[in-house]
Amino acid sequence: MAFIPKQQNKMKLLLIVAFVIIFACTVEKNGSKTQQAQNDSTIVFKHFKLANARHAFQQAILQFEKQNPGVKVKEEILPSNSNIQHQFYVTSLESGSADFDVFLIDVIWAPEFSLAGWLEDLSALIPEEERIQFFSAPLRADMYQGKLYAVPWYIDAGVLYYRKDLLQKYGFSPPVSFDDLVHQAQTILNGEQNPTLNGFLWQGKQYEGLICTANELISGFGGKILDENGRVRLTDNAVRSALNWLKDCIYTHRISPRWVLSADEESTRLSFLNGNAVFLRNWPYCWTFFQREESKVRGMVGTAPMPALPGINGKSTLGGWQLAVNRFSQKKELAKRFVRFMASPEVQLQFAIQVGTKPTRKPLYEDPRLIKEQPFIVQLFPILKNTVPRPVTPLYPQISQILQIEFSAILSNIRAVEPALESAQIQIEHVLEIEKLAFDKKSK
């Protein structure tokens with residue numbers, strides 16, 4: 001969790017330079033020879049193992065094949081771990097592999113894969129007049145240099161869970177501001193006098209979850225990591241205030257336990273499920289667990305947007321998965337047709353009802369079938385509509401690593417807020433210069 005010395009920073013930047021130049025120099029290749037013949041109408045759909053979705057995938061594929069006689073879709077399933085998926089795609093696509101045609105990518109991968117030349121341009125697949133149906137944040141995240149390189153398939157967003165029973169007991173409504181959250185948590189902790197009860201749990205481990213949490217709070221204070229023009233804004237007062245507030249939750253307000261510094265989604269979910277927290281920042285997937293019979297908070301949980309300063313709407317970090325077409329595919333038109341089908345309102349609604357995925361098309365949240373079968377998903381609409389992406393850049397993985405190190409050092413009291421943010425600002429500005437050089441080289 002310690003910060004990187006200057007010598008290590010230089011070495012890291014050299015490695016980034018080499019990494020990006022390899023990306024930028026990737027040229028379109030014929031791809032590795034596939035096992036199917038050129039005239040074979042089989043396309044390969046690569047995706048991760050999505051919980052409770054086996055039947056839904058099979059049903060959707062059968063529907064597509066029925067609508068497209070002679071076409072077959074072959075599924076190849078990867079583990080759920082996104083790091084493993086990312087490594088697989090980088091390794092395969094860097095070699096120009098055409099062994100799969102359509103694949104699911106994390107919302108933060110589209111710019112990275114686009115700069116590398118691995119994704120087919122899908123701008124024409126979703127016309128401008130149709131894009132208004134989609135939530136705007138995932139569309140922005142799927143674009144690079146004005147082109148759409150992936151189609152939003154399902155959306156995710158950070159949620160503030162709270163104990164309805166405890167808030168009602170003390171006469172509180174769900175917190176809207178940061179001061180509300182601190183005041184309510186402290187009041188309930190003082191009133192309950194329960195040593196196992198915590199006020200506010202969040203993901204503070206040095207990993208991507210920390211950036212998701214911090215991104216929401218920075219937005220709630222009116223700040224951004226990168227602005228619309230791609231400028232780094234880490235030394236702005238809003239960013240300092242957000243990191244100081246999160247730090248104060250542990251050391252000053254004492255509403256967050258120190259163990260949040262090693263906490264991820266699952267450890268915080270389990271603690272809240274066992275009745276050991278008033279508030280929890282986490283993802284929508286937790287809801288199903290909280291409603292199960294063995295849950296100690298069953299029937300006692302409510303959801304709300306993330307808090308913010310007065311006058312600012314609380315925003316949630318954008319998550320979710322996107323449909324992309326392999327640029328090296330030998331069956332691009334069939335692949336695009338399949339993407340169009342999977343992103344259709346009918347299929348998105350089908351997955352929402354059967355699996356619980358959150359559709360990326362806004363009109364579906366008014367569909368009577370979704371309202372009846374998945375009321376919790378409909379309830380999330382205001383939160384999903386107000387999401388904020390993490391920095392949309394091909395070098396986001398490198399930027400995230402820098403932020404993880406510096407934010408973790410701040411929260412662990414290893415470094416003061418100002419010098420840590422100044423260090424992160426300088427490092428990320430260097431990274432963005434490398435991106436510019438790589439794009440310029442690719443454009444020539």
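- At most 12 non-hydrogen atoms from other residues, nucleotides or ligands lie less than 6.0 angstrom from CG of N52.
- Under 3.5 Å, the side chains of N282 and T268 contain a donor-acceptor pair of N or O atoms.
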Please report the C-alpha distance between E129 and R131 in whole Å, then the side-chain angles of each, then the deciding distance to 0.1 Å, and finally whether the salt bridge (Lys or Arg N to Asp or Glu O under 4.0 Å) criterion is met. CA-CA 6 Å; E129 60 271 17; R131 295 183 191 182; over 6 Å; no

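- A donor-acceptor contact shorter than 3.5 Å links the side chain of D264 to the backbone of S267.
- For the pair T387 (side chain) and I383 (backbone), a donor-acceptor distance under 3.5 Å is absent.
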Show the atom names and distances, to 0.1 Å, of all donor-acceptor pairs under 3.5 Å that link a side chain in residues 287-296 to residues at least two apart or in another chain.
{"unit_1": "S295", "atom_1": "OG", "unit_2": "F290", "atom_2": "O", "d": "3.0"}
{"unit_1": "S295", "atom_1": "OG", "unit_2": "V297", "atom_2": "N", "d": "3.1"}
{"unit_1": "S295", "atom_1": "OG", "unit_2": "R298", "atom_2": "N", "d": "3.4"}

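- Between the S316 side chain and the V159 main chain, no donor and acceptor come within less than 3.5 Å of each other.
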Scan the side chains in residues 301-314 for donor-acceptor partners under 3.5 Å anywhere in the protein, sequence neighbours excluded, and list what turns up.
{"unit_1": "T303", "atom_1": "OG1", "unit_2": "Q379", "atom_2": "NE2", "d": "2.7"}

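- A donor atom on one side chain and an acceptor atom on the other are not found under 3.5 Å apart for S344 and Q348.
- Using modelled atom types, one finds a donor on one side chain and an acceptor on the other under 3.5 Å when comparing S256 with W202.
- Not one N or O on the side chain of Q374 forms a donor-acceptor pair closer than 3.5 Å with the backbone of I371.
- The OG atom of S329 sits 12.0 Å away from the CG atom of L119 when rounded to the nearest 0.5 Å.
- Of all the heavy atoms in F200 and P257, the pair that sits closest is O-CD, 4.1 Å.
- E373 is linked by a salt bridge (Lys or Arg N to Asp or Glu O under 4.0 Å) to nothing, counting only residues two or more places apart in sequence or in another chain.
- Within 6.0 Å of the CZ atom in R258, the count of heavy atoms belonging to other residues, nucleotides or ligands does not exceed 12.
- Judged by distance alone, the side chain of N229 and the main-chain N or O of R231 form no donor-acceptor pair under 3.5 Å.
- With 3.5 Å as the limit, one finds a donor-acceptor pair spanning the side chains of Y170 and E192.
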For I105 and W118: C-alpha separation, side-chain torsions, deciding distance, then whether side-chain contact (heavy atoms from CB on, under 4.5 Å) applies. CA-CA 12 Å; I105 62 173; W118 298 339; over 6 Å; no

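- Tested against Q203, the residues E265, R281, E208, E266 include a single side-chain hydrogen bond (donor to acceptor under 3.5 Å, both in side chains) partner, R281.
- Put simply, OG1 on T42 and CG on L334 are 9.5 Å apart, with the number rounded to the nearest 0.5 Å.
- Remark: side-chain polar atoms of E76 are not paired, donor with acceptor, to backbone N or O of H47 under 3.5 angstrom.
- Between E228 and R140 there is no salt bridge, since none of the side-chain N atoms of the basic residue sits less than 4.0 Å from a carboxylate O of the acidic one.
- Below 30°, between 30° and 60°, or above 60°: for F221 and F178 the angle between ring planes is below 30°, a parallel geometry.
- Within 6.0 Å of NZ in K362 there are more than 12 heavy atoms belonging to other residues, nucleotides or ligands.
- R233 meets the salt bridge (Lys or Arg N to Asp or Glu O under 4.0 Å) test with D227, D236; sequence neighbours excluded.
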Full working for side-chain contact (heavy atoms from CB on, under 4.5 Å) between S271 and W259: CA-CA 11 Å; S271 183; W259 64 260; 3.8 Å; yes

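- In this structure, E216 does not pair ionically with R390, as no charged nitrogen and carboxylate oxygen lie closer than 4.0 Å.
- Under the 3.5 Å distance criterion, the side-chain polar atoms of S114 are matched with a main-chain donor or acceptor of A110.
- By the 4.5 Å heavy-atom criterion applied to side chains, L384 and D156 are not counted as neighbours.
- Nearest heavy atom pair, residue V339 against residue A324, reads CG2-O, 4.4 Å.
- Proximity of I377 to K358: side-chain heavy atoms (C-beta onward) are separated by under 4.5 Å at one or more points.
- Relative ring orientation between F135 and F381 is described as tilted, the plane-to-plane angle lying within the 30° to 60° band.
- Under the 3.5 Å distance criterion, the side-chain polar atoms of Q425 are matched with a main-chain donor or acceptor of L234.
- Applying ring-ring contact (aromatic ring centres under 6.0 Å, His included) to W109 and the options Y144, W321, Y149 leaves one that passes, W321.
- Note on ring orientation: taking the six-membered ring where Trp is involved, the planes of F272 and Y161 are tilted (angle from 30° to 60°).
- When each of R327, K332, K331, K147 is tested with E120 by the rule salt bridge (Lys or Arg N to Asp or Glu O under 4.0 Å), just one qualifies, namely K332.
- Checked by atom type, the side-chain pair Q63/E346 shows no donor-acceptor distance below 3.5 Å.
- The closest side-chain donor-acceptor pair between E112 and H86 falls under 3.5 angstrom.
- Checked options K46, K49, R54; the residue passing with E75 is R54 (criterion: salt bridge (Lys or Arg N to Asp or Glu O under 4.0 Å)).
- Ring pair F338/F64 is perpendicular by interplanar angle, where above 60° counts as perpendicular and below 30° as parallel.
- Proximity of the aromatic rings of F351 and W153 is defined here by a centroid distance below 6.0 angstrom, and this criterion is met.
- With sequence neighbours excluded, the residues satisfying side chain to side chain contact (heavy atoms under 4.5 Å, CB included) with S92 are F88, S97, F100.
- In terms of heavy-atom proximity, F103 sits nearest to N326 at CE2-N, 3.6 Å.
- Here the side chain of T187 pairs a donor or acceptor atom with the backbone of H183 at under 3.5 angstrom.
- Checked by atom type, the side-chain pair Q354/Q59 shows a donor-acceptor distance below 3.5 Å.
- Taking the centre of each ring, F57 and H55 stay at or above the 6.0 Å mark.
- Scanning for side chain to side chain contact (heavy atoms under 4.5 Å, CB included) contacts around T91 gives Q87, with sequence neighbours left out.
- Annotation: side chain of L403 is not in contact with side chain of S408 (no heavy-atom distance under 4.5 Å).
- With hydrogens and angles left out, the side-chain atoms of N215 and T317 include a donor and acceptor closer than 3.5 Å.
- In terms of modelled atom types and a separation under 3.5 Å, the side chain of Q186 and the main chain of H253 share a donor-acceptor contact.
- A donor atom on one side chain and an acceptor atom on the other are not found under 3.5 Å apart for S177 and D179.
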